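Computed from a prediction, not measured in an experiment: that's the story for all the values here.
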Amino acid sequence: MKMPAHIRSCKLYFYGLTMLLFCCTLLLLVSGKSGSFLALNSHHPFALNVFFINYTFIGDGIFAVCLIAIMFFFFKKKQEAYTLLLSFLISGIAVQVIKNLIDAPRPQLFFERGQYLHFIDGVTLANHHSFPSGHTTTAFAIATVFVLLSKKSNWQLAILLAAAMVGYSRIYLAQHFLLDVIIGAAIGTGCGILAVYLNANAQALPLFFLKLKRIKRNDSFPSPSSVQPV
């Protein structure tokens, strides 16, 4: 069992992702949770407000389901649609489990009144389950699947940028902290890789477990030749 051969052509995406996560982690370590959030939210022009209010929807579950349906019914890309669905389900379950276990406060609840002044009118803000960012996780799960299944390397950085902007939109809209986005991107990427692996080995996995079952059965029942007479 192995990943598709063209995974080796995804170096641009994964190198870029590694550098992005490294820089974000460095900023988080230097500035801290509050400082990194405030540093990334110092500029809020009206045009960007409108843009990110709409762009963040790319990481929404409804968008993911619609995208999967389009891939399946319109483009007739059934295997790709199955893989996207698998990555969406795995990442969604992982995020919800972590959210409910940790229940970290979101920026609106975390900051004291007057400490942060860039909350955007018309944006409904949640108070709990900040860690990790579900939108970011979904965006990177979808992006990773697209990159791994595509044979065109010239789209890799564009796809990475599109997913990264979803992550930034969550900070810009004061829904999440930088740490939430970093972990969300890591979880989404891992779930995307796992989904592609499982789909690529969908036929080999049952055979693998069948062989394990046969081996255990043979080990539990000794052969007649190994039984010594009393």
>> Is the ring pair H44/H118 parallel, tilted or perpendicular, if the boundaries are 30 and 60 degrees?
In response: parallel
Report whether [X] and [Y] are members of the same hydrophobic cluster (ILVMFWY, side-chain heavy atoms less than 4.5 Å apart, transitive linking).
X    : Y    : value
V30  : V181 : no
Y13  : L161 : yes
L117 : I53  : no
L179 : I102 : yes
I171 : V50  : no

Side chains of [X] and [Y] in contact at under 4.5 Å (non-hydrogen atoms):
X    : Y    : value
Y172 : L40  : no
M71  : L84  : yes
Y55  : M165 : yes
C24  : L28  : no
F63  : H135 : no
F57  : V166 : no
Y116 : N41  : yes
T136 : P132 : no

> Considering residues, nucleotides and ligands other than Y15, do more than 12 of their heavy atoms fall under 6.0 Å from its OH?
Replying inline: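 Not more than 12 within 6.0 Å, no.
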Atom [atom1] in [X], atom [atom2] in [Y]: separation rounded to 0.5 Å?
X    : Y    : atom1 : atom2 : answer
I187 : T138 : CD1   : OG1   : 10.5 Å
I142 : L67  : CD1   : CG    : 5.5 Å
N154 : L12  : CG    : CG    : 9.5 Å
R106 : D180 : CZ    : CG    : 8.0 Å
S87  : F146 : OG    : CZ    : 9.5 Å
H129 : I98  : NE2   : CD1   : 13.5 Å

>> Run the side chain to side chain contact (heavy atoms under 4.5 Å, CB included) test on F140 and L17 for me, step by step, so that the C-alpha distance in whole Å, both residues' side-chain angles and the decisive distance to 0.1 Å come before the verdict.
In response: CA-CA 10 Å; F140 274 91; L17 176 62; 3.5 Å; yes
> What about the rings of Y168 and F52, do their centers lie closer together than 6.0 Å?
Replying inline: yes
> When you look at F110 and N127, which way does the side chain to side chain contact (heavy atoms under 4.5 Å, CB included) test go after all the steps?
Replying inline: CA-CA 8 Å; F110 180 85; N127 290 326; over 6 Å; no
Is [X] reaching over with its side chain to a backbone N or O of [Y], donor-acceptor style, under 3.5 angstrom?
X    : Y    : value
Q175 : T124 : yes
H176 : S130 : yes
Q115 : E112 : yes

>> Between S36 and S31, does the side chain to side chain donor-acceptor pair (under 3.5 Å) criterion hold? Intermediate values first, please.
In response: CA-CA 5 Å; S36 59; S31 302; over 6 Å; no
>> Determine whether F131 and F177 satisfy the following criterion, ring pair (Phe, Tyr, Trp, His ring centres under 6.0 Å), listing intermediate values before the conclusion.
In response: CA-CA 8 Å; F131 179 86; F177 294 96; over 10 Å; no
Could you tell me which non-hydrogen atom of [X] sits nearest to which non-hydrogen atom of [Y], and how far apart they are?
X    : Y    : answer
A81  : F72  : CB-CB, 3.7 Å
I182 : T25  : CD1-N, 3.7 Å
L160 : G16  : CD2-C, 3.5 Å
A164 : L20  : CB-CD2, 3.7 Å
F88  : S91  : O-OG, 3.1 Å
L173 : I120 : CD2-CD1, 3.6 Å

> Passes side chain to side chain contact (heavy atoms under 4.5 Å, CB included), F75 versus I70? Steps please.
Replying inline: CA-CA 7 Å; F75 291 105; I70 291 172; 3.5 Å; yes
> Yes or no on side chain to side chain donor-acceptor pair (under 3.5 Å) for T83 and N199, after CA distance, side-chain angles and deciding distance?
Replying inline: CA-CA 6 Å; T83 309; N199 188 61; 3.0 Å; yes
> After noting the C-alpha distance and the side-chain angles of C10 and L148, does the key distance pass the side chain to side chain contact (heavy atoms under 4.5 Å, CB included) rule?
Replying inline: CA-CA 7 Å; C10 300; L148 290 176; 3.9 Å; yes
> Within 45° of the ring axis of Y82 and under 6.0 Å from its six-membered ring centre, is that where the NZ or CZ of K77 lies?
Replying inline: no
